[in-house]
Number of protein chains: 2
Amino acid sequence: MWQATEEVLAPIAIGAGILGTGGGGNPYIGQLRAREAIRRWGPVTVMAPEEVPEDARVVCVGGIGAPTVGIEKVRDLQSYHALRAIEDYTGERATALISNEIGGSNSVEVLIAAAQAGLPVVDADGMGRAFPEFQMKTFFVYGVPCCPMAIADEKGNSVIIRETITPHWAERLARATTIQMGCVACYAVAPMSAEQVRRTAVPNTLSLARDLGTAVQRARDEGEDTLSAILHTCPGRVLFSGKVVDLDRRTTAGFARGALSIEGLDAYSGQQMVIDFQNENLIARIDGEVVCTVPDLICAVASDLGEPVTTELMRYGLRVTILGFPAPELWTTPEGLEASGPAHFGYDTEYSPLKVQAG
Amino acid sequence: MWQATEEVLAPIAIGAGILGTGGGGNPYIGQLRAREAIRRWGPVTVMAPEEVPEDARVVCVGGIGAPTVGIEKVRDLQSYHALRAIEDYTGERATALISNEIGGSNSVEVLIAAAQAGLPVVDADGMGRAFPEFQMKTFFVYGVPCCPMAIADEKGNSVIIRETITPHWAERLARATTIQMGCVACYAVAPMSAEQVRRTAVPNTLSLARDLGTAVQRARDEGEDTLSAILHTCPGRVLFSGKVVDLDRRTTAGFARGALSIEGLDAYSGQQMVIDFQNENLIARIDGEVVCTVPDLICAVASDLGEPVTTELMRYGLRVTILGFPAPELWTTPEGLEASGPAHFGYDTEYSPLKVQAG
């Protein structure tokens, strides 16, 4: 167990910005919101999955919407309201919370609700990264029901998605609700058991985000290479490096969708990388050839300071390095790939696991 | 009390088609569906509002969507599923049902759910006509909460609109859900008390629809004037008569919207009426001058047989007579007009009550 205090928020924001593969919401705004929550209600206890009591009732909370909208329409305390709504609906009180995704501001959304509710959080999440659609969680891939779930906005509106015939229908109805709520909302899913959490969550991801951010901060302080610090903490590799020369980004149907073009510099001079995204980076090609796809992580960081560059902050002219990390194992099984692989997003590309040199 | 048997469905369909002012869903499809339900589960007891027991819990059920879609995507038993969903959410069992609106197929939607659930229905509704938006019900105008309400589709999906800051937000969230469900769904609102029903419902409208239809049938059988039969049963007047020469009808944002142009014949020769509609007919103008607006009823019937012509069946070349009927009194108070008058629909027109000669 450890305490999520004000001090760990900055490293978590960096680490979750990297793991978010572009999405999950703006990490800095999340950091500021979590700081206010912890100042107001105190730090949050973080439990390893194996420390979760057998009789625990663990509620997954998170944000939903387009990250482009999230930087203008900042979330308030609606994750807490979604939590109370699902407790009210199910008649069960949560004894712990868990993050929906470790990417971006969603890594700390759970801390905000937990601080307000006075509950611990589990050091784990439902993705080990970020993904754009609600149903794309390891929980649901491995048999946890995705409904009932509650959605709440900052105004005081709340909706329960009570029952759906498929997990994708939950996403569809939740997305339509979110769009009406202003493209930014929070949700909470009916409680899970300790067994469900241990079997279906991606473990130790909040501490991984913290450790990644701490490594970046230390490298900056000591004038060392931030990229090496990242790759030393979380095994992966550099996919490309260059300058953003084009960005086609639209906020449509509740998502930020588009493509990013990077002109190679240094070792990559003369080459061009194009990355398609739907909130998160989905597929990276160099001169037309696929080099990395979902569910593996495609992460953009500023080439100098290792600062993650999320979808809503990406802009022309930035010098970025694109890192690739292998997906958590729960995503690379046949059922995991069916829910999160390139075909799910409409790409006629086989998933080919990213090769990373053994550390 | 009376029994809604198979035999009364045809007259109810005619009467509700007239009172529906164009909307409420296709009455003939509603009639066929209700016939199947009554054959399967038996006739439904209809209670006058004053016969509702003091401890009754009365659930309002109805259809939501665009009537243009409703004739291609026929409703199934989702009003029953919505009823069960709201009972499950509130923990209260309904002891009677009430119609959301007496217009079109919604007049019999309540009979379908009641037959299946084995419950009586109240001879009353929340409009005394049809209106396009969920929150436009006399119940909600006079203080009944519009949430929680449940929405269900024919596939097995269901959503609870749990809490909204205004009744209009309930409409907004319900509409977005309905669009995802295929633009056709059914809903059920949390139970009302007998006192709420008696104070806020438009009374005796199911029997009015039945009586209107019976009068039309009798006039047809006896070769008498169907229009006179209608106006004799329900005080109103002829606004216009002619041939449909233009119809601009789009299914958009979950509604059938547009305008209808009628070229005058006989006494109206040389004049043109234009009617704007949003599922229901909203405002009628003759040569640009307003002659009738919501909440008064603007009803199109075939000039020969008095058959109501609803929004989804309107077409070029039809000979129609446009009838006007005064709105139920609950709509003509200041709070009633605020929710249902021309200004609510964006028209810069004062409501001027339709003048009808005393019968």
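Order of the sequence lines fixes the chain letters, A, B, ..., with proteins taken first and strands second; residue numbering starts at 1 for each chain. Worth knowing before you read on, the calculation uses all heavy atoms, side chains too, and leaves out hydrogens, waters and symmetry mates.
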So which residue, [options], ends up with the most heavy-atom pairs under 4.5 Å with chain A?
{"options": "B/Ala170, B/Ala152, B/Ala85, B/Ala150", "value": "B/Ala85"}
{"options": "B/Ser158, B/Gly156, B/Pro148", "value": "B/Ser158"}
{"options": "B/Ile151, B/Asp88, B/Ile160", "value": "B/Ile160"}

Exercise. Does B/Asn157 use its side chain to pair, donor to acceptor, with the backbone of A/Ile165 at less than 3.5 Å?
Worked result: yes
For this session: Please check if atom CD in A/Glu195 has more than 12 non-hydrogen atoms from other residues, nucleotides or ligands closer than 6.0 Å.
Result: yes
Exercise. Around A/Glu338, counting heavy atoms of other residues, nucleotides and ligands shown, do more than 12 lie under 6.0 Å from its CD?
Worked result: no
Seminar exercise, completed: Rounding to 0.5 Å, atoms CZ (A/Arg172) and OG1 (B/Thr177) come to a distance of 11.5 Å
Problem set entry | A/Lys155/B/Thr164 under side-chain contact (heavy atoms from CB on, under 4.5 Å): CA gap, chis, key distance, verdict | CA-CA 8 Å; A/Lys155 294 174 277 289; B/Thr164 62; over 6 Å; no
Exercise. Under 4.5 Å between any side-chain heavy atoms of B/Glu163 and A/Val159, yes or no?
Worked result: no
